[in-house]
Amino acid sequence: MTAKKLEDYFEFISPEEIQIKGHRIWMENILYEHIHNGMSPAELLERFPTLNLEKIYATLLYYEQNKQAMNDYVAAWIAYGERMRQEQAANPTPDMLRLRNARAQREAQKQALVEA
């Protein structure tokens, strides 16, 4: 039996897309929780129950061995998400407009009750 290489735990779809092999979980999901929310391996296992500790540790080890590249990877993912939220806010779909209107009506009704 040959030893598993660290890279064997991941699907390198593109430089911006690294998936945990055999899962629909992306590396950035695990790294975000670890880096920005300080989750430990045990907490990550609870947050991502379809993974096992081996894959979580492989992800964290890959991060440690490629820290600058992975920090850039996560930063790019966060920036992309922010750009998409801004674009979505500027160009809402009809369903989003309907939901916003419903929320505004609900808030107006609450405010009217408070003022009454």
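Quick caveat, the model's predicted, so the values are computed rather than measured. Starting from 1, each residue takes its place in the sequence as its number.
Pairing each heavy atom of His23 with each of Thr50, the nearest pair is CE1-O, 2.8 Å. Heavy atoms only, all atoms of each residue included: Pro41 and Leu53 are closest at O-CD2, 3.9 Å.
No donor-acceptor pair closer than 3.5 Å links the side chain of Glu33 to the backbone N or O of Ile30. Judged by distance alone, the side chain of Lys21 and the main-chain N or O of Lys55 form no donor-acceptor pair under 3.5 Å. In this structure, Asn37 contributes its side chain and His34 its backbone to no donor-acceptor pair below 3.5 Å.
For the atom pair CD1 (Ile56) and CG (Leu44), the distance works out to 5.5 Å, reported to the nearest 0.5 Å. Atom NZ of residue Lys67 and atom CD1 of residue Ile35 lie 8.0 Å apart, to the nearest 0.5 angstrom. To the nearest 0.5 Å, the span separating OH on Tyr9 from CD on Glu54 amounts to 3.0 Å. A distance of 13.5 Å separates CZ in Arg47 from OG in Ser40, rounded to the nearest 0.5 Å. Note that CD of Gln19 is 8.5 Å distant from CZ of Arg24, once rounded to the nearest 0.5 Å. Atom CE of Met70 sits about 11.5 Å away from atom CD of Gln65, to the nearest 0.5 Å.
Inter-residue side-chain proximity for Leu51 and Thr59 is flagged as unmet; no heavy-atom pair is nearer than 4.5 Å. Between Ile20 and Trp26, every side-chain heavy-atom pair lies at or beyond the 4.5 Å cut-off.
Tyr63 and Asn71 share a side-chain donor-acceptor pair at under 3.5 Å. One side chain, Glu115 or Gln111, offers a donor N or O that lies under 3.5 Å from an acceptor on the other. No hydrogens or angles considered: a donor-acceptor pair under 3.5 Å links the side chains of Glu28 and Tyr73. Side chains of Asp72 and Gln68: a donor on one and an acceptor on the other come within 3.5 Å.
Counting non-hydrogen atoms of neighbouring residues, nucleotides and ligands closer than 6.0 angstrom, the NZ atom of Lys4 exceeds 12 such neighbours.
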Exercise. So Ile18 and Ile13, side chain to side chain contact (heavy atoms under 4.5 Å, CB included) or not? Walk me through it.
Worked result: CA-CA 6 Å; Ile18 305 171; Ile13 297 165; over 6 Å; no

For this session: Let me see the working for Tyr62 and Phe10 under ring-ring contact (aromatic ring centres under 6.0 Å, His included), right down to the final yes or no.
Result: CA-CA 10 Å; Tyr62 189 86; Phe10 312 107; 5.3 Å; yes

Ignoring hydrogens and angles, write down the donor-acceptor pairs under 3.5 Å from the side chains of residues 74-99, residues two or more places apart or on other chains.
residue	atom	partner	partner atom	Å
Glu82	OE1	Arg85	NH2	3.4
Glu82	OE2	Gln86	NE2	3.2
Arg85	NH1	Gly81	O	3.4
Asn91	ND2	Glu87	O	3.3
Thr93	OG1	Met96	N	3.1

